[in-house]
Every structure is written in structure tokens, then in C-alpha cells.
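Remarks on the structure that follows.
Letters A, B, ... mirror the listed sequences (proteins, then strands); counts begin at 1.
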There are 2 protein chains.
Amino acid sequence: MRSVDDVEDLTSRARIRDTAISRFAVGGFGASIRTIAADAGVSAGLVMHHFGSKDKLRAECDAQVLATIRRLKRENVADAAANQSFFSKFAAAEENASLVGYILRSMQDGGPLAREFIDHMVTDAVGYTREGVAAGVIVPSRDEAARARYLTLSALGALLLEVTLDPPEDPADLAGIVRGYLTNSYLPMMELFTEGYLTSRSMLDDYLMYVPEPGASNS
Amino acid sequence: MRSVDDVEDLTSRARIRDTAISRFAVGGFGASIRTIAADAGVSAGLVMHHFGSKDKLRAECDAQVLATIRRLKRENVADAAANQSFFSKFAAAEENASLVGYILRSMQDGGPLAREFIDHMVTDAVGYTREGVAAGVIVPSRDEAARARYLTLSALGALLLEVTLDPPEDPADLAGIVRGYLTNSYLPMMELFTEGYLTSRSMLDDYLMYVPEPGASNS
DNA sequence: TAGCATCTTAAACATGCGTTCAGTCGACGA
DNA sequence: TCGTCGACTGAACGCATGTTTAAGATGCTA
């Protein structure tokens with residue numbers, strides 16, 4: 001067992017893993033081991049030799065993607081005033097195309113990485129929102145956790161749906177697709193965030209009559 | 001070739017097709033023909049005899065689902081003051097569990113049915129929104145089409161993500177899952193719709209400075 | 001009754017998959 | 001120099017899949 005605590009060595013093992021990430025990102029998790037091996041220029045047997053099974057390879061890819069995202073977040077935590085700002089920059093960067101593709105595939109698949117990624121995203125959103133509310137730039141909510149989750153799921157879900165519905169002919173163009181989606185969504189999103197959607201408070205007030213407790217979110 | 005213009009006969013052919021819809025809904029489109037045949041209590045060969053190939057079976061299922069949805073929409077067009085109201089009732093009804101599951105799977109898959117369904121949904125949303133704006137209950141937008149698409153994609157995408165992340169142990173409970181999601185999302189949605197999210201207009205105004213034309217949505 | 005089209009099945013076929021296996025090659029330590 | 005160990009390969013295995021095929025059952029028509 002080699003120590004792989006650092007990401008310094010470009011052993012064939014690591015190269016296969018990174019190739020698998022790219023292949024999974026563009027082709028989905030149904031991609032065959034033989035395809036991945038061919039991409040990496042090795043035999044299918046070697047992949048098995050290194051990782052034991054396809055599931056274990058997948059698990060290592062998940063771990064690698066998660067670690068990379070955490071690192072990118074840490075590096076950009078200064079710039080990112082808001083969660084959304086980080087994701088926009090992150091997803092629109094060409095160099096992260098494989099990462100973004102992998103995460104989108106994971107969301108499509110419902111794997112554990114997707115849940116972890118989204119939970120992390122929601123947690124961060126709660127923090128940033130608290131700061132925004134304290135600073136007076138964000139309207140306070142009766143249930144901050146529910147709002148953070150709702151906004152995160154809406155944004156990521158809409159992006160996922162957009163990409164799934166109109167997949168880029170060249171999968172390497174993922175960053176362009178993401179940028180295009182953000183461009184088209186920005187105006188209605190900003191309108192909704194600053195001007196709202198309904199002119200009357202009646203629907204909200206009616207709901208508040210039924211549910212007096214604002215903190216409890218589960219039924 | 002029998003004329004199948006009407007949906008009146010409960011022939012074995014139609015029964016197989018409906019079984020396939022249910023099976024696709026709970027198991028995804030990777031479900032095998034043998035599984036579908038077993039569910040319907042027939043042999044795999046008979047499925048091929050009736051439909052020719054799995055793709056053609058899938059196409060007929062798509063058509064059937066789309067036709068059913070159109071019918072349900074037509075029947076409920078009176079009640080549904082808003083698009084969303086229709087979808088809530090539609091998706092929360094136990095009897096439509098297979099339909100909702102099938103559509104969600106189609107969205108996950110990116111099939112042509114999903115695109116058609118969503119386009120239809122967006123078109124309807126544009127119409128209902130226009131009425132709402134005219135009636136003074138909905139805030140007007142600088143790009144009604146973009147807003148309708150944004151809101152529809154957000155709502156459906158969030159639901160899709162929620163179901164994918166936490167799939168119901170019993171797939172027949174889909175209606176319950178949908179209802180639970182709507183319950184958790186209703187408060188933040190209503191808050192956002194009536195009170196907005198940002199306290200300042202600066203982000204919207206900044207954007208409007210860059211993009212003077214409100215009608216053009218494509219770059 | 002005979003013939004024919006349709007419904008239906010069991011078995012086989014071809015293919016692609018994840019995985020296993022036997023064995024080759026090269027490096028490195030005793 | 002020998003022996004061991006890890007990297008690596010090509011072929012094969014077992015399995016599930018979509019599809020094909022031959023044949024049996026059934027009912028309608030002449």
C-alpha cells in the first residue's frame with residue numbers, strides 16, 4: 001500500500017482515476033471500464049488490479065472530486081461574498097469542466113457525493129445568508145434553513161435540468177452551457193430577488209395563519 | 001395492422017404498455033424487457049412481438065404519458081387558476097404516481113418527452129402569468145418568457161433533485177414525497193414571492209445598466 | 001373440416017458488461 | 001545471480017441484456 005496522502009505523484013493509478021473522472025463526467029456512470037482503460041491507454045485488467053472493482057473506482061473518484069471542491073472553496077473563500085458567487089465562478093471556469101460535469105452526473109444519479117455536495121452547499125448558504133441578514137442586505141426569513149435549502153435546490157436543480165435537456169454536443173463545452181444558463185437566468189432571478197413576484201401579501205398571510213410555528217420545518 | 005386510434009380496448013398490448021410505464025417509473029429506463037414482461041405476466045418475446053424493440057416501446061409509453069397529461073390538463077383547466085396549482089394537484093394525487101414518476105425519470109434521462117413536457121409547461125406559465133399581470137396580482141417582468149422559463153425550471157428542477165437525492169423506499173409513495181417537498185418549500189417560496197430576497201435594488205440596477213434591451217433573451 | 005392469421009411461448013443467439021486468471025516484464029534487494 | 005514483488009496484459013468466464021427464431025395454441029373464415 002503506497003501512501004497517497006499527497007496529490008503529488010502522477011502514478012498510473014492517479015492517471016487512471018483522473019481519466020475515469022473525465023469519462024464519467026462526459027459519459028455518465030454507465031461508462032464501461034474498458035472505455036476508461038482505453039482513454040487512459042491501459043488495459044481493463046490494470047484498472048481492476050488498482051481499484052478492485054468499478055464501485056471502488058467510483059468511490060475514489062467521488063473522494064477526489066469532493067477533496068478538489070473543498071480545496072477550491074477554501075482558496076476562494078475570500079473572494080466569494082456569497083455562495084452563489086462562488087458557484088458561478090467555479091462552474092463557469094473552463095478548467096473545472098470535468099469537475100462540474102462529474103457533479104452534475106452525480107446529481108442525476110443520486111449518489112452519495114451529490115448529497116454531500118448539496119448539504120455542504122446549503123450549510124454554506126445558511127452562513128452567508130446570516131451575514132447578509134445581519135448586514136441588512138438580505139431580507140430575513142421565518143425559517144432560514146428552509147430558505148437556504150429551497151434556494152440551493154432550485155438553483156442547482158434548474159441548472160441540472162437545463163443541462164440534461166440540452167446536452168452540449170461537445171461535452172467539453174460544459175462551462176459555456178453553464179455560463180449561458182446563468183446569463184439567461186440572471187435577469188428574472190434579480191427581478192424576483194428585488195421586486196418579488198406577487199403584489200399581494202394574502203397568499204403568504206393565509207399560509208401563516210395555518211402554520212403558527214415558523215421554526216419547525218418537518219411535518 | 002389494427003387501428004389503435006382510440007384508447008378503448010384493454011388488449012394485452014395496452015396492458016403491457018401500461019405495465020411498462022409503471023415499471024419505467026419506479027425502476028428507471030434501465031428496466032429490462034424481461035422484468036416488464038414478468039410484471040405483465042407475459043413472456044419477453046410477446047413484448048418484442050407487439051412493439052418491435054425496446055425503443056419503440058419507450059416511444060409508445062412517452063406518447064401515452066403525454067396524451068394522458070394533456071387530457072388531465074384539459075379537464076382541470078377550469079380549476080387551475082395558475083400553472084403551479086395544476087401541477088401541485090396533479091403531482092400530489094396518488095392515482096397519478098406512475099405518471100409523475102415516469103416524467104421525473106424522463107427528466108433525469110433527458111428524453112424528448114421531458115423537453116416537450118417542460119416546453120408545454122413554460123408556455124402555459126407564460127399565459128397564466130400574463131393574466132395575473134393584467135389582473136394586477138403578479139408583478140410585471142422585463143422579460144416574461146425568461147421569467148416563466150426560469151420559474152418553471154427552478155420548481156421542476158428542485159423537485160427532481162429532491163426526489164433523486166432522497167428516493168422513497170416505497171416508490172409508490174411518490175405522491176407523498178412530492179407533497180412533503182411542496183410542504184417544505186411553500187414557506188420560503190411564498191416569502192420570496194411576496195417579500196423578495198434582497199433589500200437593495202443595486203444588483204438589479206447594475207445589471208440593467210449593462211443590458212439595455214429587455215426583450216432579447218439570447219446572447 | 002381445413003386453412004390461415006394472430007397471440008403467445010421457450011429457447012437460442014449475439015453482444016457488452018464486470019470480473020478473474022494465468023502469465024510476462026522489469027526493477028530491486030539479498 | 002537469483003528470487004520476489006508489483007505493474008501490466010490478453011484471454012477467458014459468467015452473467016444480463018435486447019433481439020431473433022421456430023414452434024405451439026387459439027380463434028376466425030371459407
Side-chain angles (χ1 to χ4, degrees), chain A residues 1-63 102 105-106 108-109 111-112, chain B residues 1-63 102 105-106 108-109 111-112:
Chain A
M1 295 200 203
R2 287 280 168 162
S3 71
V4 270
D5 35 17
D6 271 347
V7 215
E8 299 256 319
D9 46 3
L10 264 76
T11 68
S12 121
R13 207 188 121 100
R15 208 182 61 249
I16 292 176
R17 176 187 19 100
D18 291 349
T19 306
I21 291 176
S22 297
R23 177 45 75 170
F24 282 148
V26 308
F29 295 111
S32 76
I33 289 208
R34 284 174 177 82
T35 307
I36 295 171
D39 283 359
V42 299
S43 73
L46 184 58
V47 180
M48 299 301 298
H49 170 70
H50 278 313
F51 299 95
S53 76
K54 190 183 182 181
D55 281 347
K56 290 180 188 168
L57 169 62
R58 164 87 185 271
E60 283 213 26
C61 289
D62 276 19
Y102 192 96
R105 292 292 182 184
S106 188
Q108 226 168 359
D109 190 70
Chain B
M1 296 204 195
R2 289 281 171 163
S3 69
V4 269
D5 35 19
D6 272 347
V7 215
E8 299 257 320
D9 46 4
L10 263 76
T11 67
S12 119
R13 206 188 122 102
R15 207 182 60 250
I16 293 175
R17 186 201 49 207
D18 292 349
T19 306
I21 291 177
S22 297
R23 180 43 77 170
F24 282 149
V26 307
F29 296 112
S32 76
I33 290 208
R34 285 174 176 82
T35 306
I36 295 171
D39 283 0
V42 298
S43 73
L46 184 59
V47 179
M48 298 302 298
H49 170 69
H50 278 313
F51 299 95
S53 75
K54 190 183 181 181
D55 282 348
K56 289 180 187 166
L57 169 61
R58 164 86 185 272
E60 284 213 27
C61 289
D62 276 19
Y102 192 95
R105 293 291 183 184
S106 188
Q108 227 169 359
D109 191 70

Practice item. Could you check how far CZ of B:Phe51 sits from P of C:dT6, rounded to whole Å? Key: 17 Å
**Study point:** A:Arg15 CZ - D:dC8 C1' separation (whole Å)
**Key:** 12 Å
Point to revise | Euclidean distance, atom CD1 of residue B:Ile16 to atom P of C:dT8 [Å, nearest integer] | key: 7 Å
Revision key, fill the gap. Paired with A:Arg23, the side-chain hydrogen bond (donor to acceptor under 3.5 Å, both in side chains) test is passed by just one of A:Asp39, A:Thr35, A:Asp18, namely A:Asp39
Review point. C:dT19, C:dT8, D:dT19: which one has an atom nearest the side-chain heavy atoms of A:Met48?
Key: C:dT19
Check your understanding: Given atom CG of B:Asp55 and atom P of D:dT19, what is their separation to the nearest angstrom?
Key -> 7 Å
Exercise for review: Determine the contact category for B:Ile33: base if any of its heavy atoms lies under 4.0 Å from a base atom, sugar-phosphate if only primed atoms, P, OP1 or OP2 are that close, otherwise nothing.
Suggested key: sugar-phosphate
Exercise for review: Indicate whether OP1 or OP2 belonging to D:dC8 is found under 4.0 Å from a side-chain N or O atom of A:His49.
Suggested key: no
Exercise for review: Report the distance from atom NZ of A:Lys54 to atom P of C:dG16, rounded to the nearest whole Å.
Suggested key: 15 Å
Review point. When you check the phosphate oxygens OP1 and OP2 of C:dG18, does a side-chain N or O of A:Ser53 lie under 4.0 Å from one of them?
Key: no
Practice item. Classify the side chain of B:Arg34 and the base of D:dG18 as holding, or not holding, a donor-acceptor pair under 3.5 Å. Key: yes
Exercise for review: Please tell me if the side chains of B:Phe29 and B:Gln108 come closer than 4.5 Å, counting only heavy atoms from C-beta onward.
Suggested key: no
Review point. Which value, rounded to the nearest 0.5 Å, describes the distance between A:Leu46 atom CG and A:Phe51 atom CZ?
Key: 8.5 Å
**Study point:** B:Glu60 side chain reached by B:Arg13 side chain, heavy atoms, under 4.5 Å
**Key:** yes
Review point. In whole angstrom, what separates B:Lys56's NZ from D:dT20's C1'?
Key: 14 Å
Practice item. State, yes or no, whether a side-chain contact exists between B:Thr19 and B:Val42 at a heavy-atom distance under 4.5 Å. Key: no
Practice item. State which of C:dG18, D:dA7, C:dC7 makes the closest approach to the side chain of B:Leu46. Key: C:dC7
Review point. Distance check: side-chain N/O of A:Ser12 vs OP1/OP2 of D:dA7, anything under 4.0 Å?
Key: no
Check your understanding: At under 4.0 Å, does any side-chain N or O of B:Ser43 touch on OP1 or OP2 of C:dA10?
Key -> no
